[in-house]
Amino acid sequence: MQIMALWLLIRPRTLPLTLGVVLAAHALAAAMGAFAWLPFALSLLTVLLLQILSNIANDYGDALRGTDANRSQNAPTRAVASGQLNAAVVRRWLVATTLAATASGVALLLVCLHGWRDWLVFLLLGALAIAAALAYTLGRRPYSYRALGEVAVFLSFGLLGVCGNVYLQTHTLPAAVLLPAAGSGLLAANVLHINNIRDLSSDWAAGKHTLANKLGFSGSLKMHRALLLAGLVCYALYAVFAWQSLLWLLALPMILHHARHVAAARSEAEAGAELGAAVMLHFAVNALFAIGVLLT
């Protein structure tokens with residue numbers, strides 16, 4: 001029972017987001033002639049731990065604020081709110097995961113960095129990443145309750161996740177990398193946005209002000225299309241530098257199927273049912289993009 005509850009707490013269905021980011025970033029680094037397996041492995045471990053930390057904090061924070069009491073029946077079961085894990089146990093897991101993410105991150109920097117300026121920058125970025133994972137729903141002013149969740153996801157799974165990993169392998173950052181970085185961030189923000197569309201009414205009732213409940217159901221569907229299209233345009237533009245990167249177009253049937261289903265949704269639950277598809281879409285586009293880049 002405890003193992004199943006912990007499995008529920010870390011939300012493994014969201015973890016392909018991390019894998020997609022790391023694959024894309026390190027494929028870009030390899031195409032630039034700089035790749036090593038140890039930084040890749042440590043990077044994957046660190047980013048996975050940061051996402052798990054954010055998932056645990058989200059479960060714990062929403063339960064403390066009573067948000068889960070208003071959660072719709074279509075939402076996944078939460079470990080704390082459902083009583084499968086008590087708050088004290090989850091707090092211990094929060095501390096343990098924070099320490100593990102910190103240790104993994106420091107090990108990654110030890111392997112990759114030499115100059116003190118790089119160390120200062122990446123220590124600051126690492127501290128901000130951990131703070132962002134915790135502050136999503138914890139603290140006096142959690143930013144997910146102030147319609148900033150999509151912005152944070154864009155930065156974490158886009159600019160920081162892709163650009164940061166490319167720099168750690170190559171010690172340089174070409175401007176062109178910003179295109180797939182932005183694409184990854186926008187598709188990841190789309191995942192959170194669909195999650196928030198599903199919880200639109202329940203979040204509003206709980207006083208959780210997301211971008212979705214500020215835009216309303218109709219406006220949120222339009223935002224979904226904007227995030228999806230903008231993300232794909234970013235990947236498409238990178239073909240100017242490496243046309244083989246267009247291999248991600250093999251995911252087009254999945255993309256169109258997902259877009260049609262969300263556009264045709266007549267309820268929050270129908271749109272929210274596409275959450276899993278949005279996660280796999282992000283992974284598929286990044287994985288195919290990575291393969292294409294490696295073929296350059």
Side-chain angles (χ1 to χ4, degrees), residues 11 14-25 28 43 46-48 50-51 53-55 57-58 124-137 141-167 173 175-199 203 208-215 219-238 248 255 258-259 262 274-275 277-286 289-290:
R11 302 183 194 176
T14 67
L15 300 184
L17 291 170
T18 293
L19 182 55
V21 171
V22 174
L23 288 176
L28 287 163
S43 169
T46 302
V47 182
L48 277 171
L50 285 171
Q51 188 176 357
L53 176 62
S54 179
N55 290 345
N58 183 252
L124 176 60
L125 290 175
L128 288 174
I130 290 174
L134 293 171
Y136 185 74
T137 56
R141 295 186 175 183
Y143 61 84
S144 69
Y145 282 66
R146 285 165 172 75
L148 293 174
E150 283 85 351
V151 174
V153 167
F154 171 77
L155 295 173
S156 298
F157 290 89
L159 300 187
L160 178 59
V162 176
C163 294
N165 276 298
V166 168
Y167 186 86
L173 188 63
V177 171
L178 291 172
L179 287 170
S184 177
L186 288 164
L187 293 188
N190 177 58
V191 173
L192 178 64
H193 192 62
I194 290 177
N195 179 85
N196 290 341
I197 293 175
R198 182 200 65 201
D199 297 336
D203 282 344
K208 184 176 183 178
H209 302 299
T210 65
L211 182 60
N213 60 38
K214 286 183 177 293
L215 294 174
S220 293
L221 295 185
K222 293 176 182 176
M223 176 57 72
H224 163 264
R225 290 194 291 273
L227 290 170
L228 185 59
L229 180 59
L232 297 177
V233 167
C234 289
Y235 286 104
L237 289 174
Y238 191 78
W248 67 266
I255 294 167
H258 168 70
V262 175
E274 282 293 304
L275 181 60
V279 172
M280 295 314 299
L281 186 155
H282 178 276
F283 172 75
V285 170
N286 275 291
F289 173 83

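For the atom pair Ile130 CD1 and Leu125 CG, the distance stands at 11.5 Å (nearest 0.5 Å). Taking CG of Leu148 as the reference point, atom CZ of Arg141 lies at 12.0 Å (rounded to 0.5 Å). Here the CG atom belonging to Leu160 is positioned 8.0 Å from the CG atom belonging to Leu155, to the nearest 0.5 angstrom. Distance check, rounded to the nearest 0.5 Å: CD of Glu150 to CG of Asn196 gives 5.5 Å. Distance CZ/Arg146 to NZ/Lys214: 10.0 Å, rounded to 0.5 Å. In this structure, the separation between OG on Ser220 and CG on Asn213 is 8.0 Å, given to the nearest 0.5 Å.
Within the 4.5 Å cutoff, no side-chain heavy atoms of Val21 are placed close to those of Gln51. Counting heavy atoms from C-beta outward, Val285 and Ile255 have side chains that approach closer than 4.5 Å. A heavy-atom distance below 4.5 Å is not found between the side chains of Tyr167 and Val177. Under the 4.5 Å side-chain criterion, counting only non-hydrogen atoms from C-beta, Val191 is not in contact with Val153.
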Distance-only donor-acceptor pairs under 3.5 Å for side chains of residues 226-236, two or more places apart:
{"residue": "Tyr235", "atom": "OH", "partner": "Ser184", "partner atom": "N", "Å": "3.1"}
{"residue": "Tyr235", "atom": "OH", "partner": "Asn286", "partner atom": "OD1", "Å": "2.9"}
{"residue": "Tyr235", "atom": "OH", "partner": "Asn286", "partner atom": "ND2", "Å": "3.3"}

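Under the 6.0 Å cut-off for aromatic ring centres, His282 and His258 do not qualify, their centroids lying 6.0 Å or more apart.
Contact between Ala25 and Asn165 at its shortest, heavy atoms only, is CB-CB, 3.5 Å. Across all non-hydrogen atoms, the minimal contact from Ser144 to Lys208 is OG-CE, 3.8 Å. Of all non-hydrogen atoms in Phe154 and Ala182, the two that sit nearest each other are CE1-O, 3.6 Å.
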Go through the steps for Arg198 and Ile194 under the test side chain to side chain contact (heavy atoms under 4.5 Å, CB included), then give the verdict.
CA-CA 6 Å; Arg198 182 200 65 201; Ile194 290 177; 5.8 Å; no
Before giving the answer on side chain to side chain contact (heavy atoms under 4.5 Å, CB included), spell out for Asp203 and Tyr145 the whole-Å C-alpha distance, their side-chain angles and the decisive distance to 0.1 Å.
CA-CA 9 Å; Asp203 282 344; Tyr145 282 66; over 6 Å; no
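For Tyr238, the ring-ring contact (aromatic ring centres under 6.0 Å, His included) criterion is met by Phe241, Phe289, not counting sequence neighbours.
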